[in-house]
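These notes concern the structure reproduced below.
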There are 2 protein chains.
Amino acid sequence: MDHHRSDTSDVTLSGVEQLGFRALADPTRRSILRLLAASDMTIAEVAENFQMTRAAVKKHLTILDEGNLISVQTRGRSRLNTLNADGLRDVFDWFEYFNAFWDDRLNTLKTEIEKDIKTQ
Amino acid sequence: MDHHRSDTSDVTLSGVEQLGFRALADPTRRSILRLLAASDMTIAEVAENFQMTRAAVKKHLTILDEGNLISVQTRGRSRLNTLNADGLRDVFDWFEYFNAFWDDRLNTLKTEIEKDIKTQ
DNA sequence: TTGACATAATACCATTTGGTTTTATATGTA
DNA sequence: TACATATAAAACCAAATGGTATTATGTCAA
């Protein structure tokens with residue numbers, strides 16, 4: 001513990017994948033991702049699966065886009081929403097990094113216990 | 001596509017891990033998890049790492065607890081906050097299931113392309 | 001060009017969120 | 001007992017969120 005340093009940093013691709021987590025926080029948006037995993041869809045097609053208005057669905061899609069979890073290709077007068085694997089991987093990577101920490105801790109604990117047993 | 005069925009379900013442990021995602025949406029809470037990965041901490045100890053008040057930190061810890069990402073043991077007049085691997089795994093599992101969907105799609109695409117090449 | 005249609009943009013609203021300050025309630029300890 | 005300390009609880013506030021309805025804008029087709 002050095003100079004009572006305060007650290008609120010996010011460590012990862014700051015400000016980018018942060019929005020990915022935010023995007024995943026809403027159950028509707030997680031459902032949309034599931035739908036898009038099955039096939040690309042226009043806003044109207046996505047909206048068919050929910051009770052809310054198209055406008056509301058479009059807002060969710062915008063947030064998913066901001067979080068880089070989907071990408072959008074304008075095709076004529078409609079927009080095709082596609083899952084973005086890269087953005088999802090960014091979020092996933094946070095867990096990987098985190099799991100590394102966690103595993104280290106378990107390993108340390110394990111080593112300590114083994115040491116205890118041996119020196120008994 | 002069956003009877004134009006509308007499906008907004010969350011598929012997973014409904015209503016439980018949902019709160020896990022919500023808990024992860026805030027960068028402060030993700031930082032707290034990182035801290036707790038290194039060692040268990042009281043509210044006061046966690047709060048030392050941030051510029052906000054203890055009350056605010058306590059609120060974050062409550063949300064992390066509701067999302068099952070940490071567990072709390074009252075020890076005397078202080079509370080020790082501990083990382084909860086199970087809750088984290090629940091969120092992680094959502095990704096696994098999701099990746100399965102995603103992988104299926106990629107595989108299907110690959111097979112289709114191969115078919116195309118062969119029948120050329 | 002006109003009309004239908006898919007999305008965009010805006011204004012608006014209720015609720016939730018992330019923070020504060022202030023006031024309790026326990027719990028160790030002199 | 002009395003006091004300091006750690007957390008709990010409550011009231012409060014500004015901003016963000018998730019939704020609505022309404023009004024553009026752009027594109028295809030007759």
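No experiment lies behind these values; they were computed from the predicted model shown. By convention in this document, chain letters (A, B, ...) are assigned in the order of the sequence lines, proteins followed by strands, and residues within each chain are numbered from 1.
Taking 4.5 Å as the limit, some side-chain heavy atom of Thr28(B) sits within range of a side-chain heavy atom of Ile32(B).
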Worksheet item: Between Leu24(A) and Arg29(A), does a side-chain contact (heavy atoms from CB on, under 4.5 Å) hold up when you go through it step by step?
Response: CA-CA 6 Å; Leu24(A) 285 169; Arg29(A) 289 194 289 268; over 6 Å; no
Item to complete: Go through the steps to decide whether Phe98(B) and Trp94(B) satisfy the test ring pair (Phe, Tyr, Trp, His ring centres under 6.0 Å), and finish with yes or no.
Response: CA-CA 6 Å; Phe98(B) 186 83; Trp94(B) 184 88; 5.0 Å; yes
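Among the protein residues, Ala44(A) comes within range of the sugar-phosphate backbone only, with heavy atoms under 4.0 Å from sugar or phosphate atoms but none that close to a base. Backbone-only engagement by Thr42(B) is indicated by non-hydrogen atom pairs under 4.0 Å involving sugar-phosphate atoms exclusively.
Side chain of Lys58(A), nearest nucleotide from dA8(C), dG19(C), dT20(D): dA8(C). Closest contact between the side chain of Arg29(A) and the listed nucleotides dG19(D), dT20(C), dG18(D) involves dG18(D). Nearest to the side-chain atoms of Ile43(A) among the listed nucleotides dG19(D), dT7(C), dT7(D) stands dT7(C). Of all nucleotides listed (dA6(C), dA21(D), dG19(C)), dA21(D) comes nearest to the side chain of Thr53(A). Side-chain proximity of Arg77(A) to the nucleotides dG19(D), dC28(D), dT17(C) is greatest for dC28(D).
Residues Met52(A) and Gly76(A) both approach DNA chain D. Their nearest nucleotides, taken by heavy-atom distance, put Met52(A) toward the 5′ side. Comparing Ser78(A) and Arg54(B) by the nucleotide of DNA chain C that holds the closest heavy atom to each, the one mapping nearer the 5' end is Ser78(A).
Phosphate proximity of dA6(D) to Arg75(B): absent, as no side-chain N or O sits under 4.0 Å from OP1 or OP2. Distances shorter than 4.0 Å separate none of the side-chain N or O atoms of Lys59(B) from OP1 or OP2 on dG19(C). Regarding contacts with the backbone of dA8(D), a side-chain N or O of Arg79(B) is found under 4.0 angstrom from either OP1 or OP2. When the side-chain nitrogen and oxygen atoms of Arg22(B) are compared with OP1 and OP2 of dT17(C), one or more of them lie within a distance under 4.0 Å.
Relative ring orientation between Phe21(B) and Phe95(B) is described as tilted, the plane-to-plane angle lying within the 30° to 60° band.
Rounded to an integer number of Å, the gap from Met41(B) CE to dT7(D) P is 13 Å.
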